[in-house]
Amino acid sequence: MIPLSLTKTEIHEAISHCQEVAISFGKSTKKVKRALIPKTLRTELSKNIGSKCPTCDRIITISNPPSVKQYQPIASSFTVEHLFPLAIGGDNTYTHLMVAMCHHCNARRNIVMQQYIGSRRRTPKALEDVKKFVEWSITSVLLPDYEQDTRIQEIWEATESLKLEKSKRDKKKTKPPTLAELLERISVLEGRLEQLENTKWRRLTRFITGLLKRKPRITQYSADEMLLECIRSGGTTPVKLGQKITNYQKNHDWEETGKSAFNEHFGFAKQQTYTTTISDILGDRVKVTGIRNNARYSIIVSGSEAPSVVSLQKTPPITKPNPSSAPKVNPSKEHSEKPKIKITPEEFSKGLLSQKKRVQPVFFSTLYERLINENPIFNLKQYGIKPNDYLTEKCSDLLTIIEKPDGNTPPTIHYWITDPQ
Ligand SMILES: [Zn+2]
């Protein structure tokens, strides 16, 4: 079914050429070229609909069931596969290296690539892996009898039973997979992996588990929340903030950590400093003093500047809770000066939820800051009350509060809020 008529020599020449291009691409900072596949080529390749996929036994079917308007490919759906993938320097001019392939194999090959070579690195070992991958990518389709690199081939085989989401590209209309579905997918894969040698598969299992987990993570944290959380927990200088962010990334299963991983993840310029990012996106909430390595970040609370190191350590509960919603008053001083609390836990909880702009849990302090910016009556400081205490002691029946230790020793507990269940 292969639409190409390259000789063995031409295939090997193509491999060498693509390896060279991929290596110089890997060393460069060039962007991946994404472009629609030219219609004529697509039409030409679609003649393979009804033939066998080059890498499995499926008969390739049309790209989308006719009854479905959205793109919802099934395993056998027609796709165009770049044997010289765009992600490593290929483009649509390599028409002799573009083939018809079933959706399932195409997706598996993407996973193999991500697993085997990961994100762009420039070490000699990484570049050697890119070369091996190019060789595998081309020969696995065009030279079925070629002796393949064992490790890549094993990754390929391990992904065989990986069930793909029906429609990755139709996120809005498709419900996210349930936990049961995810677990089932993982167990199917694990069963397959167990038959194989364990150590080789640890990385792959982690990677695939990471893939399944990644979607919630991406939607769960925004750059501003992450920066605020890290500044609040002690990241008050560029160096300290860098450490806090790296810890945060490690605790949230980022594959790469550090500033460039942060920038890449949120779409900032690769070398952009945290100070610049903070000034850009948190200018109204974080005050920056000093420059470069001497910069200091402090969080602005309701117009006044609050100390940026705010202990989020869980404080011991009040020993004698007052039956009314009376505030916890700082007993040491100013007892008589603190005004009586003017809000109820219900109003406070409702206020927090009104600041929540998405379904996922949100960091409590983010909601609290938004709330007191909107209405200072909710600023608990004026009543001598610690926000975390008020939240955990008065509002636990009104909100769902999630406790997240930050991974430090001793751990600092962060509170996240979501709607009552
Ligand atoms: Zn296939």
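Whatever order the structure lists ligands and atoms in, that order sets their numbers, starting from 1. What you see below is based on every heavy atom in this structure, not just the backbone, and it leaves out hydrogens, waters and symmetry mates.
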Heavy-atom distance under 4.5 Å between the side chains of Phe363 and Arg232, does that happen here? yes
Do you see an N/O/S atom of Cys105, backbone or side chain, under 2.8 Å from the Zn ion (ligand 1)? yes
I need the SG(Cys102)-the Zn ion (ligand 1)-SG(Cys56) angle, rounded to 10 degrees. 110°
With respect to the Zn ion (ligand 1), please indicate if His104 possesses an N, O or S atom at a distance under 2.8 Å. no
Should the pair His12 and Tyr146 be assigned to parallel (<30°), tilted (30 to 60°) or perpendicular (>60°) ring geometry? tilted
Mind listing the closest non-hydrogen atom pair of Thr275 and Ala295 along with its distance? OG1-CB, 4.0 Å
Do the side chains of Val112 and Phe133 get nearer than 4.5 Å, heavy atoms only? yes
